[in-house]
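Within every chain, numbering begins at 1; the chains are lettered A, B, ... in the order of the sequence lines, protein sequences first and strands thereafter. Owing to the predicted nature of the structure, the values given are computational and were not obtained by experimental measurement.
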Amino acid sequence: MEQFFDTYFDFSLMAEYFGQVLEGFWWTIKLSVLGGILALTWGLILAVLRQLPGRAMAPVRFLTIAYIDALRGIPMLLTLLLIYGGLGTLQASGTIPKWIGVPEFFGYPSAFWYGIMALTLTYGAYMAEVYRAGIEAVPRGQMEASRSLGMSHGQAMRFVIVPQAVRKVIPPLLNDFIALMKDTSLISVISMPEVVQVGNDIYSTTCNPSALTLGALLFLIVTIPLARLVDWQIKKQDEKFQRGIP
Amino acid sequence: MSEAILSVSGLKKSYGKLNVLKDINCEIAQGEVVCVIGPSGSGKSTLLRCLNMLELPDGGRIELNGNEVFGHGKPKDLDVLRREVGMVFQSFNLFPHMSARENVTIAQTRVRGRSKQEADARSVEQLEKVGLAEKIDEFPDRLSGGQQQRVALARALAMDPEVMLFDEVTSALDPELVKGVLDVMRGLADGGMTMVVVTHEMNFAREVADRVIFMDQGFIVEQGKPDAVLGNPQEDRTKQFLGLVLSR
Ligand SMILES: Nc1ncnc2c1ncn2[C@@H]1O[C@H](COP(=O)(O)OP(=O)(O)OP(=O)(O)O)[C@@H](O)[C@H]1O
Ligand SMILES: [Mg+2]
């Protein structure tokens, strides 16, 4: 038992490397927040494109569905490696400009931006499906009432359908955000010094995984309250439902 | 009779193999109140929904004020049509994330292009007219069914439509709430609004309608003054239907 504690909970080691691990976690947070915001936005755009009415919009719907299916069907790690491997190569051969090939906005490393792209593309597809479920859960009569008042499809979506859908999808979107946050650890494979990468480096030099334990604890400090928030939101909605919202 | 505001000829609509509207011809005059009755599944809702193109007809012609809004299988000037034709539904369909006042205001500003103040003043006035002065800032989930339906009425009326369509607007209401809604509709009819009313309220049809249309199996079977159609029907199917309804 003591052996176990010394292996995973070596407090002196944790104290020694606390600053470094925290720095890594700060990258994790930045990746999660920016990736999360962009994925939320991109997902909503995809969901709206997917719902465009009329025959003229059929190609748009088809392409959107194909995109969503593809990105949900590929492991994010693979998407990340394809972006990382492809963009750098294309930039080196002069096919695409540097700002996209090797992006370094705000002085952040290009691995950060490749990671943001992979998170946005992949989780945008997941979140598009969540939004879609939300949009489809809004009763048909809402669209009919809006259109019968003379609103266009776009106006009805913007003022009536999406605001209601967004309320319903907050819990599942938070769940996706938790998953996204954990998946930022994949970006370590392209040398992004986020918390898992930092912890693993410390493990390599000290032969003790306590820095990784510290990283795990930092994750839990954020994800457990988020999980509670999801439950609380769901409960709140159930209560509303029981009061009989049409 | 004054000029036709809505004129429908040869209207057809089917869902797959089910022919719901087979050949509908009718004219609605300015200021006329037409009640549409008929058995369940006869196509009454489908007719109303075709009149403002919530469903696209398969054939026939619809004219609004002499302008073709549907013909040769295509809708035309959909925006004009929907702006000029208001509709109230059996299930109210209020926007649950907006107060009564916002429900009535939103389309005025976004569709009619009224200023916020102008639209808001109009909303308050319209909600007062339907007897909801105290409920202006309530959300739909805090209103009774009858109150919700009156908000829906106010919402449609605030757009100043030329024609109002009503689809069994009292069917989802408890009996004691029906009167409030029907009273508002009576007031509208007295004020000269052109109305097409699908209803099971035979007394309302008898008192308020200028004309009653009896539909069955996708056709208009019989139409005429309420006294004639309801009091002295000519067709067997009408007699049979009225026999069932009035004996209840
Ligand atoms: N969207 C739809 N898809 C398929 N069939 C439909 C659809 N809407 C209506 N129908 C069918 O069309 C027929 C006519 O329906 P409609 O709603 O117009 O009848 P109604 O006269 O309004 O009846 P009720 O008095 O019960 O409201 C019914 O058989 C119905 O099942
Ligand atoms: Mg009906």
Side-chain angles (χ1 to χ4, degrees), chain A residues 44 47-48 51-58 61 130-173 233-246, chain B residues 45 48-49 51-56 74-75 77-98 102-113 139-145 148-149 151-152 154-161 163-167 172:
Chain A
L44 183 57
V48 169
Q51 299 280 333
L52 288 177
R55 204 170 296 164
M57 289 298 162
R61 290 196 295 270
V130 173
Y131 283 120
R132 174 169 79 123
I135 288 171
E136 284 176 359
V138 176
R140 214 182 130 76
Q142 293 289 308
M143 177 58 86
E144 293 184 346
S146 312
R147 299 306 296 277
S148 77
L149 287 164
M151 287 188 216
S152 65
H153 177 87
Q155 286 177 321
M157 287 301 272
R158 179 163 156 222
F159 302 118
V160 178
I161 308 296
V162 170
Q164 291 181 60
V166 164
R167 274 156 230 233
K168 292 181 200 222
V169 297
I170 288 172
L173 284 179
Q233 283 278 342
I234 291 174
K235 209 170 139 223
K236 205 173 72 174
Q237 285 183 6
D238 283 353
E239 275 163 15
K240 233 181 164 184
F241 183 70
Q242 274 153 14
R243 271 201 287 131
I245 293 236
Chain B
S45 297
L48 280 199
R49 296 163 58 80
L51 288 182
N52 74 349
M53 240 65 91
L54 284 180
E55 301 284 355
L56 274 193
K74 280 203 194 74
D77 294 333
L78 254 183
D79 296 344
V80 178
L81 173 76
R82 294 226 181 93
R83 220 180 304 142
E84 301 308 336
V85 179
M87 181 152 181
V88 186
F89 303 83
Q90 180 174 351
S91 50
F92 326 140
N93 296 342
L94 290 186
F95 307 136
H97 58 304
M98 298 181 193
E102 290 164 329
N103 261 278
V104 184
T105 306
I106 178 92
Q108 292 186 64
T109 54
R110 300 293 170 178
V111 178
R112 277 282 184 217
F139 280 74
D141 65 331
R142 315 229 341 183
L143 297 172
S144 75
Q148 289 190 51
Q149 194 59 297
V151 175
R155 181 173 69 174
L157 291 171
M159 298 296 286
D160 294 321
V163 184
M164 283 284 290
L165 310 175
F166 300 84
D167 191 1

Please look at [X] and chain A and tell me whether the side chain, the backbone, both or neither of the residue comes under 4.5 angstrom of a heavy atom of that chain.
X     : result
B:F89 : side chain
B:R49 : side chain
B:V88 : neither
B:E55 : side chain
B:M98 : side chain
B:M87 : both

Can you tell me if [X] uses its side chain to pair, donor with acceptor, with the backbone of [Y] under 3.5 Å?
X      : Y      : value
A:Q142 : B:L94  : yes
B:R82  : B:M53  : yes
B:H97  : A:F159 : yes
B:R83  : B:M159 : no

Is A:Q155 close to chain B through its backbone or its side chain, or both, or neither, when contacts mean heavy atoms under 4.5 Å? side chain
Contact origin within A:S152 toward chain B - heavy atom pairs under 4.5 Å: neither
Report yes or no: do A:S148 and B:N52 form a side-chain donor-acceptor pair below 3.5 Å? no
Would you check if A:L149 and B:F95 make a side-chain contact, meaning some heavy-atom pair closer than 4.5 Å? yes
